[in-house]
Amino acid sequence: MNEPLTHRHWAALAAPKVAPGIGTSTVLILGRIWNANGAEHSAGNAALLVALAAGAATAGAFAAAGHGGGDGVLAGTAFATSGALALAGVAGYADGWSLPILLWAVATAVAYGIAARYWRTDHRDTTAHERHTTVRREEHAHVERVEALRAGAQIEAARTGAAYAEQLATALITRATLPGYDPQAITRAGLPELPAIDLKHDQ
């Protein structure tokens, strides 16, 4: 039994690799746009941004320290949100580009470091699944080959038996047409008696 093979598009394969860089770059760009629209003079927005970043980091810490080893996906999402808010705040309130670019580079490196861990886990899971699928296909193929050989042997045995029965019947018919044929000779020779056919019953 063959399972369908699926091929992913190159864009679907490349999307996870560029997502961290696109995410941090988007935050940096939005932060600088915010800076150009007067973010440096908004103390209330700065306080809100700091509070949101701190809240996201706290939520990530609680998620990581939860029961049963914590929820890694939730914790990673919370910490990523906290980092994005911090980067947006620096990009929005810094005077020049030096500090925002520095933090963008650090945030991008950290994002790729965290993503690499999940990529390795996903690669191991995918490899294990493909190996399991290959083994299962080989087992199915082996069972099919064995069943095919068994069916072929049964068909060949039936064909041989039918050919032998036909040859025996032909020999008996030919022998019966010869002069001096004695029907009781078969019984005296110890051969099994052929069953009589009730033609009236068959009709």
Side-chain angles (χ1 to χ4, degrees), residues 1-24 26 60 63-80 108-203:
M1 183 177 186
N2 296 326
E3 297 181 358
L5 297 177
T6 57
H7 298 282
R8 299 175 63 186
H9 193 269
W10 65 268
L13 296 174
K17 306 298 182 183
V18 299
I22 292 176
T24 54
T26 302
H67 296 289
D71 189 341
V73 176
L74 182 60
T77 303
F79 283 126
T108 303
V110 171
Y112 272 104
I114 295 174
R117 175 184 176 185
Y118 293 99
W119 292 339
R120 287 193 297 268
T121 302
D122 182 69
H123 178 70
R124 285 195 298 266
D125 294 341
T126 302
T127 302
H129 175 71
E130 291 177 351
R131 190 173 300 150
H132 175 71
T133 302
T134 302
V135 171
R136 188 167 55 186
R137 286 176 181 166
E138 291 178 353
E139 290 177 353
H140 284 310
H142 176 70
V143 171
E144 290 177 356
R145 286 193 297 268
V146 171
E147 291 299 327
L149 291 175
R150 182 179 302 170
Q154 292 177 351
I155 294 173
E156 186 63 28
R159 185 182 294 116
T160 303
Y164 174 76
E166 183 180 357
Q167 292 174 0
L168 179 60
T170 303
L172 291 176
I173 294 173
T174 303
R175 179 66 182 86
T177 61
L178 296 177
Y181 171 69
D182 184 6
Q184 300 299 325
I186 296 178
T187 305
R188 289 195 299 269
L191 296 177
E193 183 179 356
L194 295 177
I197 299 177
D198 190 353
L199 297 179
K200 295 181 180 180
H201 178 72
D202 292 341
Q203 292 175 353

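Throughout, numbering of the chain's residues begins at 1 and tracks the sequence.
- Looking at residues two or more places apart in sequence or on another chain, you find a salt bridge (charged side-chain N to carboxylate O under 4.0 Å, His left out) between Glu147 and Arg150.
- Remark: Ala116 engages Trp119, Arg120 in a side-chain contact (heavy atoms from CB on, under 4.5 Å) (not counting sequence neighbours).
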Give the table of side-chain donor-acceptor pairs shorter than 3.5 Å for residues 159-170, with sequence neighbours excluded, one pair per line with atom names and distance.
from: Arg159; atom 1: NH1; to: Glu156; atom 2: OE1; distance (Å): 2.8
from: Thr160; atom 1: OG1; to: Glu156; atom 2: O; distance (Å): 2.8
from: Thr170; atom 1: OG1; to: Glu166; atom 2: O; distance (Å): 2.8

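- Scanning for side-chain contact (heavy atoms from CB on, under 4.5 Å) contacts around His123 gives Thr127, with sequence neighbours left out.
- Listed by first and then second residue, the salt bridge (charged side-chain N to carboxylate O under 4.0 Å, His left out) pairs that reach into residues 123-132 come to none, sequence neighbours excluded.
- For the atom pair CD (Glu144) and CZ (Arg137), the distance works out to 12.5 Å, reported to the nearest 0.5 Å.
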